[in-house]
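Okay, structure first, notes after.
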Amino acid sequence: MRWVQFVILAYLVLVVQSTLCGMIAFDVGAVGRVMPDLMAVTAVFVALRGPNLRTVMIAAWVLGFAVDLTAIGGVGSATAVGPMSLAYAVAAWLIFQMREAVFSDHAITQGMLALVFCLAAHLLWVTAQSLLRGAWPYYGRLVAQAAGKSIYTALLMPAGFWLLSTVQGLFIEAPVRGTRRSRRAGR
Amino acid sequence: MAKREEQPNRWVLRAMMALSVLMALSGQGMARRVRAVTPYLLGPLADMGMYVTTAFRGSFRGDDERRLTLSKADQQLLAALARGDLAGVDDVQLARLQEIMDTQMVRLARHWRAQAESDRARNAQLSNFRDLFSPNQDLSCELIPAHVFAADSQAYGRTRLVNAGRRHGAMDGDQVTTRLLLTNRAKALEPHDKLAVVTGTVLVGRLGETGAYTARLILVTDRAFRMAAQIDRKINYDNPRQIQVEELGEVSEKDLADENNAYVSCLATGNGSDAVIVGGVSRDDNIKPGDELVARVLGTYESTPILIGKVVEVIDDPKLGAGFDQLRIEPAVDLAALREVLIVVPTLGILEDDR
């Protein structure tokens, strides 16, 4: 993993998420505002293309921490910092476990994986914030909002995956094939 | 030969996870300190993005009534009408022509009605600003201009980052209003030649987490927004509504009129989506859609009210039940397109409870 380039990419995605994403956000009646989670799109991409589990989880933690810093409201008071980085790391672990079992170049698979990632990460976050900030009166609506956000993100995932694939070489080192002898030795 | 990428040390990941848990459990103080760096990180890049977003959202407001899609045949028909050459036009085409004209009349009427409403609102905004902040008004406050440069990265909260903070005089809890920048002053202020070049008469939120140079604006629709407000009932002189009035210990029903139209005090909270909710309003007050929710500048009472929004729905209060209403208020401005704001800082000492 090229960490400097990865952090720059995370920063750019965060800026887009905090500003331009407002253009494609919309209100869904009682559920509230629904907008895609581009940080999750990046995390799913890294989970699918990252070299190993620990690298993937650290990258997801970084992305989640950036979200933690910039997602403030929603629970009736300022949210706690930390739950989203944990939730992203756990959700990335989940996707990493699934990636060998799926054909990740297929758009529908990418969308489904993004849905799983977002549901896992955001439900964890909503539950943790409700526990930490006593926001149970809003729990039902926050869960519905998380579900709406997950579906929206899943729909955009194939496009995001394609975009990130075009710049993948900048932040993920090309997979290195082992020598025939090391492969035989299982290394 | 290239080397296979090695896994990072397991302690790095463990330390990061432990840090997350610690920060989550350490409460608001730690969260506030950690988040204080965010506005500086987002900085100029976010400002550009927000400019594009607010301009984009602002461009979608209320001019769709002007558009009328016509087919090629319809256009030829209209061209024939313009030339006065209707010789070859049959009855069916004439009926179609009539239909187009009717549609256009209705659309134009709607457009001009909307335009008149918009002009009236703009005029009220300009006049109200003079009432609120002109030198002859005994209201001691300072106005700090600022603009929105980023929003909440997830849609759970309705907050914005503004580029003014403690160094500019802003503090947590300060009220924030819209700011209308008049680029063509001579034209815009024709009937109000003594006005300043900014107006700010719609309350959009309050400040929270104020840093040295930036602050977080909690919009009126955020779940964390709570503020004492008042409802201004609009009188319909042709068909006045009935309200309960208490006079000399006796309660009687009377028509709502200027002499008994007192402001109804209430608590306004955001619903986390696109509206402000006011609960626990007595049904005797007979609030109706179209009434306005207003606030006062902090530390004052009998000053000109600042508009928050308009009542769009009145339902039974689900918590208090019969006898009480819950109101849904639509903000008076499009908060998604919010860019320029004024922070209202009272210069007289105010009670900490007011904030």
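Every chain is numbered from 1 and lettered A, B, ... according to where its sequence line falls, protein lines coming before strand lines.
Taking CD from Q154(B) and CE from M84(A), the interatomic distance works out to 5.0 Å, rounded to the nearest 0.5 Å. Rounding to the nearest 0.5 Å places CD1 of I24(A) at 9.5 Å from CZ of F56(B). Atom OG1 of T53(B) and atom CE of M23(A) lie 4.5 Å apart (nearest 0.5 Å). With values rounded to the nearest 0.5 angstrom, R158(B) atom CZ is found 4.5 Å from R33(A) atom CZ. Once rounded to the nearest 0.5 Å, the distance linking CG of L12(A) with CG of L45(B) reads 6.5 Å. For the atom pair CZ (R141(A)) and CZ (R223(B)), the distance works out to 5.0 Å, reported to the nearest 0.5 Å.
With hydrogens and angles disregarded, a donor-acceptor distance shorter than 3.5 Å links the side chain of W61(A) to the backbone of M16(B). A donor-acceptor pair is defined here as one N or O able to donate and one able to accept, closer than 3.5 Å; such a pair exists between the side chain of Q17(A) and the backbone of S153(B). Formation of a donor-acceptor pair under 3.5 Å by the Y156(B) side chain with backbone atoms of I72(A) is not found in this model. Not one N or O on the side chain of D27(A) forms a donor-acceptor pair closer than 3.5 Å with the backbone of D274(B). When atom types are taken as modelled, the side chain of Q28(B) and the backbone of A80(A) share no donor-acceptor pair closer than 3.5 angstrom.
Residue contact with chain A, scored on non-hydrogen atoms closer than 4.5 Å, is absent for F225(B). Neither the backbone nor the side chain of A66(A) comes within less than 4.5 Å of any heavy atom of chain B. For V16(A), no part sits under 4.5 Å from any heavy atom of chain B, backbone or side chain. Contacts of R160(B) with chain A are absent, with no heavy-atom separation under 4.5 Å from either backbone or side chain. Proximity to chain A (any heavy atom under 4.5 Å) is shown, for D152(B), by both the backbone and the side chain. For chain A, the nearby part of R216(B) is the side chain; its heavy atoms alone come within less than 4.5 Å.
Side-chain contact of R35(B) with T79(A): a donor-acceptor pair under 3.5 Å is present, judged by distance alone. In summary, the side chains of S20(B) and S85(A) do present a donor paired with an acceptor at a separation below 3.5 Å, with no hydrogens or angles considered.
The candidate from G49(B), A155(B), S26(B) with the greatest count of non-hydrogen atom pairs under 4.5 Å with chain A is A155(B). Contact tally against chain A (heavy-atom pairs below 4.5 Å) for T159(B), L42(B), T221(B), I218(B): the top residue is L42(B).
Within a 6.0 Å sphere centred on CZ of R10(B), other residues, nucleotides and ligands contribute 12 heavy atoms or fewer. At most 12 heavy atoms of other shown residues, nucleotides or ligands fall within 6.0 angstrom of atom CD1 in I108(A). In the displayed structure, E330(B) atom CD is contacted under 6.0 Å by at most 12 heavy atoms of other residues, nucleotides or ligands. The number of heavy-atom neighbours closer than 6.0 Å to CH2 of W162(A), taken from other residues, nucleotides and ligands shown, is 12 or below. Heavy atoms of other residues, nucleotides or ligands lying less than 6.0 angstrom from OH of Y139(A) number more than 12.
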Worked check of side chain to side chain contact (heavy atoms under 4.5 Å, CB included) between V12(B) and I58(A): CA-CA 8 Å; V12(B) 174; I58(A) 289 173; 3.8 Å; yes

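With a 4.5 Å cut-off on side-chain heavy atoms, L19(B) and F65(A) do not count as touching.
Residue-level contacts of residues 86-96 of chain A with chain B, in order of numbering, are L86(A), A89(A); threshold 4.5 Å between heavy atoms. Residue-level contacts of residues 115-133 of chain A with chain B, in order of numbering, are H122(A), W125(A), V126(A), L132(A), R133(A); threshold 4.5 Å between heavy atoms.
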